[in-house]
Amino acid sequence: MTNNKTLLAWVDEKINLVNPDKVMWIDGSEEQLEALRKEAVQTGEMIQLNEELLPGCYLHRTKPNDVARVEDRTFICSRTKENAGPTNNWCDPQEMYKKLYDIARGTYKGRTMYVIPFSMGPIGSPLAKIGVEITDSIYVVLNMAIMTRVGQKVLDVLGESDDWVRGLHAKCDVDPENRYICQFPEDNAIISVNSAYGGNVLLGKKCFALRIASYQGWKEGWMAEHMLILGLENPKGEVHYIAAAFPSACGKTNLAMLIPPEYLKKKGYKVWTVGDDIAWMRIGEDGRLYAINPENGFFGVAPGTNEKSNFNALASTRQGTIFTNVLHNLDNNTVWWEGLSKDLPTNAIDWKGDKWDPTKFNKADKSTYGAHPNSRFTAPAKNCPCISDAFDKGEGVPISAIVFGGRRAKCAPLVYQSKDWVNGVFVGSAMASETTAAAAGAVGVTRRDPMAMLPFCGYNMGDYFQHWLDMGKKLGDKAPKIFNVNWFRTDDEGNFLWPGFGDNIRVLNWIVDRCEGKVDADETPIGYVPKADDIDLTDLEDFDRATLQSILEVNKEVWQKEAAEIEEHYKKFGDKLPHELRDQLEGLKARLASL
Ligand code: GTP
Ligand code: SPV
Ligand code: MN
């Protein structure tokens, strides 16, 4: 399939290491993929679902100890510890290679080695990059074939080039004690052992498109970000593109596929999806920032997805989709998860593979759930009813606004605009959010997650902040405007105050109006906050302007506490913290003091 010497040598080396019975190169043909699906069904690795209701769809269950990313076992193995920085686990690369090779050695015995050439971004796009993943998992092959562009076409574009990312995955015994997800930024290399779950093993996604790519972007002058990309079309037919960074399970897929409320739809508002998780952004010839989605599918959170909350995501999963760790409804051989419908299936198998007892279901107790809280669907982007025309275009879309956001029960207002780019970088660097089920560990704990990149930045986060500042200098007055949103403010009983989902377009419209200089705002110590009359609340039931006012409020005491926490957070970066950001913090403190 290829004469690329660096690639052939690497594959040979890995064959000698893991010792497979057979080697299969993934050519991207439907015949080859179909044969693999059949094999996975035969061995029980996947269950084929109802051919009429869910054509080409499969269910897969991972081991109960392997259901999310594992941040404490993820390493950035740069040559020096300083390059990994204070927010990443680090290990000396030579030491880690040895450890991982010892773990992986001989583990493909009795198994097939699959070699997957893949492109992140439309094949041949100037913004795209190529990787090759070796794996012993058919599940990984079939997911990669949805999430990326795979096969011969990629090798044709690669030619003799040495510019490709090396990804080695070995399931081994799926032993959590020996699980490691390691990035070697200077070597363009990734090694993942002892997992068979999503972000740990689909190496094109977080490992390459964020951890390795963020490092490449730093070196090459572009940005790899944990951002959705959407196009907001107004009644005049103009489309403004917005990129938004929210931490895992904080609403990127939902926002990217938003359906406007009926009356705005009638007026002609529409949202087009370019991407739901990752954006690669470069400065274009006209000096603006252009973004592509390097992925080809959606690895989306299943729970909470339903016809009403995210019609387009659900529609995307109706064919050619792999479901992971959802509930299997035996009555009609389909799938179900909490929040899909009110009726609980009565004849079903839960995500662990046990008979499910719906009478025991208790919303407050996750152990009674049929689907795992981080259960996911892997759906082809082309299934999405609102996929943007620009999705497959390699040149990317010009970004008007960058939006940060997270889950904050209190503190952050519904939306505010930063004063300028540097202030926006400050806002991103200080972002915090309550943790979710997307990573192993406690859920609901507030932590600082700069630019939603805490688990994904492949180098020193102090340098990453500086890179953001440098990009702003290059963009000058063509820089996107930077905003912050929070859909998750709650009342004292923990109920969400803002309706969210489709109604978030009311906030996006304000954001675009601000970009166009069409609407005024109130200046506060943290930035520009909407005047309550400027957020359109037409047709919103159970939500009044007084509540809106309450979630737009910037409270002096709350923000002084926040500023103190930011100061604490900044301490980790030591000398690496750009002085502009320290000045920003001092500025915020001074403005709060005089409030
Ligand atoms: P990753 O794929 O992990 O990066 O997550 P994501 O950021 O794409 O999050 P996603 O859109 O899948 O949403 C995660 C959870 O947040 C789901 O349970 C949604 O139902 C919920 N959610 C999304 N948007 C909103 C919103 O506007 N309001 C509220 N209350 N919940 C939301
Ligand atoms: C996330 O956790 O941000 C995801 C899912 O998008 S995973 O691919 O597992 O990282
Ligand atoms: Mn994500």
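In each ligand, atom 1 is the first atom listed, and ligand 1 is the first ligand listed. Remember, it's a predicted structure, so these values are computed and weren't measured experimentally.
In this structure, Lys382 does not pair ionically with Asp392, as no charged nitrogen and carboxylate oxygen lie closer than 4.0 Å. Using a 4.0 Å cut-off between a side-chain N of Lys or Arg and a carboxylate O of Asp or Glu, Arg69 and Glu71 qualify as a salt bridge. A salt bridge between Lys205 and Glu295 is present, with a side-chain N of the basic residue lying under 4.0 Å from a carboxylate O of the acidic one. In this structure, Asp492 pairs ionically with Lys410, as a charged nitrogen and a carboxylate oxygen lie closer than 4.0 Å.
Under the 3.5 Å distance criterion, the side-chain polar atoms of Asn306 are left unmatched by any main-chain donor or acceptor of Ser341. The backbone N or O of Thr305 lies less than 3.5 Å from no partner atom in the side chain of Asn310, so there is not a single donor-acceptor pair. Looking at Thr148, its side chain never comes within 3.5 Å of a backbone N or O of Met120 through a donor-acceptor pair. Side chain of Asn312 to backbone of Met257: a donor-acceptor contact under 3.5 angstrom is found.
Using a heavy-atom distance under 4.0 Å as the criterion, the protein contacts of ligand 2 are Arg69, Gly199, Lys205, Lys206, His226, Ser248, Asp277, Phe299, Arg376, Ala438, Phe456. Near ligand 1, residues His226, Pro247, Ser248, Ala249, Cys250, Gly251, Lys252, Thr253, Asn254, Asp277, Phe299, Val301, Pro303, Arg376, Arg407, Trp487, Phe488, Phe496, Gly500, Phe501, Asn504 each place a heavy atom inside the 4.0 Å sphere around the ligand atoms.
A cation-pi geometry, defined here as NZ or CZ lying under 6.0 Å from the six-membered ring centre and within 45° of its normal, does not hold between Arg211 and Phe456. Both tests hold for Arg166 against Trp164: distance to the six-membered ring centre under 6.0 Å, angle to the ring axis within 45°.
Considering just the N/O/S atoms of Asp277, the one nearest the Mn ion (ligand 3) carries the name OD1.
When NE2 of His226 and NZ of Lys206 are joined through the Mn ion (ligand 3), the resulting angle is 90° to the nearest 10°.
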